[in-house]
Number of protein chains: 4
Amino acid sequence: MYLSKMESKRQQVIDVATRLFAELGFENTSMASICAEAGVSKGLIYHHFATKNELLREIFSATTLRMIEISQASEATSAPHEQLATLISQLFKQLQEDKSFFQLNLNIMLQPGTRSILHDLIQERSAHLMTSVRHIFDQIDPDNSELCSYMFIAELDGIALDFLSIFDSYPIEALKNHMINRYSKA
Amino acid sequence: MYLSKMESKRQQVIDVATRLFAELGFENTSMASICAEAGVSKGLIYHHFATKNELLREIFSATTLRMIEISQASEATSAPHEQLATLISQLFKQLQEDKSFFQLNLNIMLQPGTRSILHDLIQERSAHLMTSVRHIFDQIDPDNSELCSYMFIAELDGIALDFLSIFDSYPIEALKNHMINRYSKA
Amino acid sequence: MYLSKMESKRQQVIDVATRLFAELGFENTSMASICAEAGVSKGLIYHHFATKNELLREIFSATTLRMIEISQASEATSAPHEQLATLISQLFKQLQEDKSFFQLNLNIMLQPGTRSILHDLIQERSAHLMTSVRHIFDQIDPDNSELCSYMFIAELDGIALDFLSIFDSYPIEALKNHMINRYSKA
Amino acid sequence: MYLSKMESKRQQVIDVATRLFAELGFENTSMASICAEAGVSKGLIYHHFATKNELLREIFSATTLRMIEISQASEATSAPHEQLATLISQLFKQLQEDKSFFQLNLNIMLQPGTRSILHDLIQERSAHLMTSVRHIFDQIDPDNSELCSYMFIAELDGIALDFLSIFDSYPIEALKNHMINRYSKA
DNA sequence: CATGAATGAGGCTTCATTCAT
DNA sequence: GATGAATGAAGCCTCATTCAT
């Protein structure tokens, strides 16, 4: 029970921080406001996380894990075109269900301040992602798998970007279907 | 000469601020540092710009104008596929020549803080951009011009995003050629 | 015409400053806001008034003149009790007609910052006022004229203070009649 | 001892701020100078008081309590005329012993800036004061108790005003005796 | 007389972080 | 593990005033 309570406060801080970073941005979220919303003292937050930057890194790592889970859901199916279809479906599902999750990730990867804090973690994540996608395209078109992978990722990133941050009303369903059509045909 | 001197300090502030916002991010750039680098007193910056936010808005508006110029370069040629090719070329050229220009734009459109400051201006810009692109696709495939436009923009945005912020080494030339091939064939 | 125009801008500054000082207080009124409301440049205001303090002193002096005029209106009548009645009437009339005029005077005489700027002028004014009132009471009760004068002034000041700054709804008419009754009977 | 130390810094801030507001005026007292004189860091003052305005409000509330105490000292005695005499004595005593206490109160109630900050508290205080005084006059002259109360308060306020802010040398003792004579006779 | 760009000190407030309890 | 008082640097902005034109 002590442990669970201990974990609960720590996790509470992470949850609240994740939400506030997504809503307000890292630089506009104060440690004080995280404490307030998490119902935790200033002393405690620094007992669990050495600095605000460390807290961000921990959150980023956690989201990386979650993104890997999403991308691995597709690996169950064997046929590469099916894998792509599943991957696309999964991503669009998440994109619509948890906008703030993706918004946060775009934020912190683009903002110079947070980028440099997370530099190594960003590297790791994108390398991992690239490898995953490339495994699939290696089975479809080994000669162009690199280019195809980059293009595939760019299309998904671009849609996410436009959906989340550029256009106020976005035909997300139409684009999802378009992507599935483009990539799931043998 | 009066005019040039008068304009010079104001413009100097804009130039320095644009660069620092791109390099460090809006929230991590202090008015004091802008003053210092522009060789201008703290008071003067507030003589010309009511607020740090106003300064950002002015910069954003200026970049919108510049983006419109870029996109209009393609309108000279008559054939729609040629227009697309020209547009893609222009964009990739700018993207490689002035990374910080695009970085800044991605930054401020994604960061919640700056987004809300610029909300109306972002709306205007993306509407304008959408209209421009759609004019071209209306001539190619009127029935699907909306979807095509969104997809086209997503691809370009995604490439820019990945190039500027995700991957450390990016095959930008290969992607450019791929895009030109995809869109310039009749 | 040049002269009148010259005077007009100068007077305009005085008028606007008087109003703003009364509405916002001296310390909360910036030279810039006076310029803006008076439609005058910063250079010009400093051409006419050496400093913000000088502007205040000039305004205070002008209001002193106006107060003297008011108090002299009563000297026409010969009987001392009539003089008091007239004086009271005049003061209550002004108090109700031009609240901000009196408010300003109370403000700047009480605020330590403005008090010290105006120290000598405040002395002069109160000495003059005291003398005027005492002339009247000398004719009524020479032995107690000093005390009577102080008490008379205190009553009027107190009513003004309470009316202008303490109570939201104040039976000003009732107090006026009470004062007239108290002092006009032979 | 923990408590005393905890309270000590907070109270120290209040004490210093009260004194400086009285001496220099609210607008001319910087938070920095309060910190300096209280031997406290800039951060701490904002740990205890959200805002400079809040600090003022707290001080004003405290002075209201003190004024209520003073006015209640008279309620012990039963006869109304005695109550008035006691009240007058008390007030003159305080007025002479702690000029800056009253000066501060006049200041902030008259300065437009501070007035609006304290608007509700001023209302409360004057309502309370009025009620207290009226209780006494209800026992003396029920038909005119309202007018008598207003007049009584005006006289005291006017004397305080003139004593503290208008005249350089003021026969305060003579006026005190005059007031006691006027109100303590049955 | 008239303008408005320019200055620099100083004001209020925020914030990450530390530390005694 | 938990609290919250305390710090001090830094941030945005305001303002009286000066001066070249």
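Residue numbering restarts at 1 for every chain, and letters A, B, ... go by the order of the sequence lines. All values below were derived from every heavy atom in this structure, side-chain atoms included, with hydrogens, water molecules and symmetry-related copies excluded.
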Worksheet entry | Pair partner, dA9(F) [Watson-Crick or wobble, under 3.5 Å] | dT14(E)

Fill in: Partner nucleotide, any strand, of dA20(F) [Watson-Crick/G-U, under 3.5 Å]
dT3(E)

Atom [atom1] of [X] to atom [atom2] of [N]: distance rounded to whole Å?
| X | N | atom1 | atom2 | value |
| --- | --- | --- | --- | --- |
| Ile34(A) | dC15(E) | CD1 | P | 11 Å |
| Ile45(D) | dC12(E) | CD1 | C1' | 11 Å |
| Met31(C) | dT14(F) | CE | C1' | 14 Å |
| His48(C) | dT17(F) | NE2 | C1' | 17 Å |
| Leu44(A) | dT18(E) | CG | P | 15 Å |
| Leu56(C) | dA16(F) | CG | C1' | 14 Å |
| Phe26(C) | dC15(F) | CZ | C1' | 12 Å |
| Gln12(B) | dA6(E) | CD | C1' | 13 Å |

Discussion item. Please compare Glu27(D) and Val40(B) by the position of their nearest nucleotide in DNA chain E and report the one closer to 5'.
Written reply: Val40(B)

Worksheet entry | Given DNA chain E, 5'-ward residue of the pair Ser30(D) and Ser30(A), judged by closest heavy atom | Ser30(D)

Response to the item:
DNA chain F nearest-nucleotide lookup for Asn28(B) and Gly43(C): closer to the 5′ end is Asn28(B)

Below 4.0 Å: OP1/OP2 of [N] and any side-chain N or O of [X]:
| X | N | result |
| --- | --- | --- |
| Lys42(B) | dG11(E) | no |
| Lys9(B) | dT7(E) | yes |
| His47(B) | dA5(E) | yes |
| Tyr46(D) | dT13(E) | yes |

Practice prompt. Answer yes if the side chains of Arg125(D) and Asn105(D) hold a donor-acceptor pair under 3.5 Å, and no otherwise.
Written response: yes

Response to the item:
Distance col, row Glu27(D):CD vs Asn107(D):CG, nearest 0.5 angstrom, shows 10.0 Å

Worksheet item: Which of these nucleotides, dT7(E), dA2(F), dA6(F), is closest to any side-chain atom of Ser41(B)?
Response: dT7(E)

Worksheet item: Out of dA2(F), dG8(F), dT13(E), which nucleotide sits closest to the side chain of Thr51(D)?
Response: dT13(E)

Discussion item. Counting the atoms with a prime plus P, OP1 and OP2 as sugar-phosphate, which does Thr29(C) contact under 4.0 Å by heavy atoms, base, sugar-phosphate, or nothing?
Written reply: sugar-phosphate

Fill in: Sugar-phosphate only, base, or nothing, as touched by Lys52(D) at under 4.0 Å among non-hydrogen atoms
sugar-phosphate

Practice prompt. Please answer whether the main-chain N or O of Gly39(D) pairs with a side-chain N or O of Gln12(D) as donor and acceptor at a distance below 3.5 Å.
Written response: no

Worksheet entry | Closest heavy-atom pair and its distance - Gly25(C), Pro112(D) | N-CG, 3.6 Å

Fill in: Given Ile14(C), Ile34(C), Ile59(C), the one that forms side chain to side chain contact (heavy atoms under 4.5 Å, CB included) with Phe49(C)
Ile14(C)

